[in-house]
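Written out below as C-alpha cells is the structure these notes cover.
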Amino acid sequence: MVRVRFAPSPTGHLHIGSARTALFNWLYAMKMRGVFILRIEDTDLRRNVDEAFGAILDAMKWLGLDWQEGPYYQSQRLELYRKEVERLLETGKAYRCYCLPEELEERRKEALQKGLKPMYDRKCRELSSEEREKLEREGRKPAIRFKVPLEGKTIFKDVIRGEIEFYNSEIEDFVIMRKDGIPTYNLACVVDDHYMEITDVIRGEDHISNTPKQILLYEALGYAPPRFAHLPMILGPDKSRLSKRHGATSVNAYRDMGFLPEAMLNFLALLGWSPGGNREIISREEMIAEFELERVKRHPAIFNMDKLIWLNSHYMKTSPPTYLARLAVPFLEKEGLVGPDFSLSVLEAVIPLVQERAKTLGEIPRWVDFFFKDEIEYEPSAVEQWLKDELHRKLLLSAKEVLENIEPFNKENIETALRALAEREGVKAKEVFHPLRVAVTGKTVSPPLLESLEILGKAKTLKRIDQALGVTSP
RNA sequence: GCCCUCAUCAUCUAGCCCGGUUAGGAUACAGGCCUUUCAAGCCUGCGGCGGGGGUUCAAAUCCCCCUGAGGGCACCA
C-alpha cells in the first residue's frame, strides 16, 4: 500500500510550489490507490503557529486535494522524537554539543576566510566526561548533533533523477535536537515518515541535499528508508525562485483573483509533468488515471501566467452557467453590484453572455454591471463617439419608438425590428446597434446587445435610452 | 568557495530509455476569415534541439568536456 504525505510548515498561505508538491503527492496516492496524509511541520518554536495553517487547509480543500489521514502536528509528537534521539545518544550515534551560536558563527567565518568549507568543526564530537561536566557547570545547555560518518558515501536512487550520491565527508554533524529539546526538521521528518509508514517521499528539489542526511538517520535508527522523488522547482519569469516579487504566490490569492480550481489544478499538473502527446486540457480524473511519477520533468519550470489565464478562460467557457453564477457572487458583492437579496436567476441568465469573454471570475463584474445598476455611468469617450451627433441621436430615438412596440420583447423580435429600422433609414445596422449599446451599457464594449436587451427587459431598456438622450442633450 | 541537480521555440512541453521525424502541440505575438462591440472560433505566419568533441552509414536521442541556469551548505522547513 502506497502511503505519501504532504508536509507543509504553517506559514500563512499555500505557496504555488507547495501546492504543486501536494498535487503530485495526491495524484500518486490516488493513482496507486494509496493514502494521502497531511502533516504540519510546526517545530519552529519562534514561528507563532496560531491559525496560520487555516489558509493552507482552505487552499487544499479549494483544490480538492483531500487527505485520508491527518492533519498530524509535529508539535504534538515531541515525546516520540525525544525518545528516538535518546536512542541515538545511547548507541553513540549522536552527541551533545555545547557550542554557543556566536562561537559557531565566528568559527564558520574563520573557515570561510581560510577557504574551507563552512561546516561545523566537530569540536564536541569526542568530548571527555570531564570536559562535558565542565561545560555543564558553566551552565551551557547542549544541542544534540548527529555523528555523521567521516568516510564513505551515501547513495540513493531518486525515482525521477536516478542515482544520486554524496560524500559523507561533505556532510556536517547537523543538529537533530535544539537545546530546548525541540527536534529539527531532518530528525522529525525521518521519525515521522517512519512511524507514519510513508512509502514514497515526494518533495521539492530543494530537499535533495537533505536526503543523504535523512538516509543516514534512517540507518542509524534502524529504519528502512522510503523511495524518494524530487520534483523540479517552479521559477519566476526571470528564472529565480518564485517569490512575491513575481506577483502572487499563494493559491488563495489566485482564488481571490477569480481563477477556477479546475484551471489551477490543470495548470499545476502541467508544471513539471505532462501526460504525453499533445494534451493541454486534462481533468482531475484523467490526471489520476495517467499520472506517472517517472514522467515528471527534471528541469525547473517557469510559472507562466499567460498559460494559466488561457486555461482559466477555457474552463470559464466550458463550465455550467449555474456553477459559474454561484462562484461569481462574491465578486459581484465585492463591487457592490448585488446585495444579500438579489436574484441568482438573472445572473444565471447573464453568465452565458460573458463566460467566453471574461477570462476570470474577477472580470465578470465589469461585463455585467449594467444589469445590476439602476443608474449607469456613461463613459465620456463612448458618448462622444456615438451619442453626440444628430444622426445617431435620431436613430436612437427611432430605435426607442420601435422597441416600445415589440411584444414579446425577445432577441428575435428585437433584431428583426432594429434591422428593419436600419434599412428604412438607409444606414448599416451597426449605426443603430452602437448608439443603443452605449445608451444601455454606458460603454462601447459589452456582451451581445440583443441578448442583453432581452434580459434587461423593455422597461429598463427604454428608461436607459431616455437617460442617454438626457445625458447628451444640451 | 564547496556539494548536488538540470539543459528542445520567449514560456509550458511531445520526441530521448529502444539513434533514421519536413523536430509535433499549446500559450504568447503577428496577419486573415467571421462579426452589432469585445471576445470566442477557424486558418496562416513567427520561432527551438546552449557550445565543442567523439561513437555511428546516420545523433535532439548514446558518451565526454565546456558553458549556462537552479538548489543546498542554520539550534528554518
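All values reported here derive from a predicted model rather than from experimental measurement. What's counted below: heavy atoms across the whole structure, side chains too, no hydrogens, waters or symmetry copies. By convention in this document, chain letters (A, B, ...) are assigned in the order of the sequence lines, proteins followed by strands, and residues within each chain are numbered from 1.
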ask   = Under 4.0 angstrom, heavy atoms only, what part of the nucleic acid is A429(A) near: base, sugar-phosphate, or nothing?
value = nothing
key: Atom C1', compared across A39(B) and C49(B): separation rounded to whole Å   = 36 Å
request  = Would you list the pairs meeting salt bridge (charged side-chain N to carboxylate O under 4.0 Å, His left out) in which at least one residue belongs to residues 433-447 of chain A, sequence neighbours left out?
outcome  = D369(A)-K443(A)
inquiry  = If the condition is salt bridge (Lys or Arg N to Asp or Glu O under 4.0 Å), which residues does E454(A) pass it with, not counting sequence neighbours?
reply    = none
inquiry  = I need the residues from residues 441-456 of chain A with at least one non-hydrogen atom less than 4.0 Å from RNA chain B; give them sorted by number, or say none.
reply    = T444(A), V445(A), S446(A), P447(A), P448(A), L449(A), L450(A)
message = Given A14(B), C12(B), A28(B), identify the nucleotide with an atom nearest to the side chain of D306(A).
response = A28(B)
query = Between S274(A) and C12(B), is there a side-chain N or O to OP1/OP2 distance below 4.0 Å?
reply = no
query = Looking at R295(A), does any N or O in its side chain come under 4.0 Å of the phosphate oxygens OP1/OP2 on G15(B)?
reply = yes
key: Pairwise C1' distance for C16(B) and A60(B), with rounding to whole Å   = 7 Å
message = Students often get this wrong, so: under 4.0 angstrom with heavy atoms, is E415(A) touching a base, only sugar-phosphate, or nothing?
response = nothing
task = Report the residue from R125(A), R96(A), K147(A) that forms a salt bridge (charged side-chain N to carboxylate O under 4.0 Å, His left out) with D173(A).
result = R125(A)
inquiry  = What's the closest nucleotide to the side chain of K317(A) if the choices are G15(B), U13(B), A40(B)?
reply    = A40(B)
ask   = Tell me: CG of L308(A) to C1' of A28(B), nearest whole Å?
value = 14 Å
query = Any Lys/Arg nitrogen of D193(A) or R39(A) sitting under 4.0 Å from an Asp/Glu carboxylate oxygen of the other?
reply = yes
message = Can you confirm if the NZ or CZ of R20(A) lies within 45° of the ring axis of F24(A) and under 6.0 Å from the centre of its six-membered ring?
response = yes
task = Before accepting this row, confirm whether a basic side-chain N of the pair E84(A)/R87(A) lies closer than 4.0 Å to the acidic partner's carboxylate O.
result = yes
inquiry  = Quick check: Y73(A) with F53(A) (ring centres under 6.0 Å apart)?
reply    = yes
Between G24(B) and G15(B) - C1' atom distance, rounded Å = 8 Å
ask   = Given the P atoms of C63(B) and G20(B), what is the spacing between them in whole Å?
value = 15 Å
query = Does the distance from a Lys or Arg side-chain N to an Asp or Glu carboxylate O, for E103(A) and K123(A), drop under 4.0 Å?
reply = no
Do any N or O atoms of the protein come closer than 3.5 Å to N or O atoms of nucleotides 60-67 of chain B, and which pairs are they?
none

ask   = What distance, rounded to whole Å, do you find between the two P atoms, one in U22(B) and one in U27(B)?
value = 25 Å
inquiry  = I want to check one thing: is the phosphate of U36(B), taken as OP1 and OP2, less than 4.0 Å away from some side-chain N or O of R419(A)?
reply    = yes
ask   = Taking the inter-plane angle between the rings of F156(A) and F228(A) on a 0 to 90° scale, is it parallel (under 30°), tilted (30 to 60°) or perpendicular (over 60°)?
value = perpendicular
task = Pick base, sugar-phosphate or nothing for D158(A), based on heavy-atom distances below 4.0 Å to the nucleic acid.
result = nothing
ask   = Quantified in whole Å, what is the C1' atom distance between nucleotide U36(B) and nucleotide G47(B)?
value = 36 Å
query = Looking at U37(B), A26(B), G15(B), which one has an atom nearest to any side-chain atom of R357(A)?
reply = U37(B)
ask   = Are R108(A) and A74(B) close enough that a side-chain N or O sits under 4.0 Å from OP1 or OP2?
value = yes
key: Electrostatic pair E79(A):R82(A) at N-O distance under 4.0 angstrom   = yes
ask   = Which part of the nucleic acid, if any, lies within reach of E280(A) when heavy atoms closer than 4.0 Å are counted: base, sugar-phosphate only, or nothing?
value = base
ask   = Quick one: does N186(A) reach the base of A77(B) with a side-chain donor-acceptor pair under 3.5 Å?
value = no
task = Send over the distance from K411(A) NZ to U36(B) C1', rounded to a whole Å.
result = 11 Å
query = Does a side-chain heavy-atom distance below 4.5 Å link V445(A) with W367(A)?
reply = yes
request  = May I ask you to evaluate whether R145(A) reaches the phosphate of C75(B), defined as a side-chain N or O under 4.0 Å from OP1 or OP2?
outcome  = yes
task = State the CG-CZ distance between D42(A) and R77(A), to the nearest 0.5 angstrom.
result = 11.0 Å
inquiry  = Just the rounded figure in Å: distance from P of G72(B) to CG of L235(A).
reply    = 11 Å
message = With the stacking rule set at 5.5 Å and 30°, tell me whether F433(A) counts as stacking on U36(B).
response = yes
Atom pairs under 3.5 Å, N or O on each side, protein against nucleotides 4-10 of chain B: can you list them with distances?
from	atom 1	to	atom 2	distance (Å)
U5(B)	O2'	R161(A)	NH1	2.6

Under 3.5 Å between N/O atoms: give me all the protein pairs with nucleotides 42-44 of chain B, atom names plus distance.
none

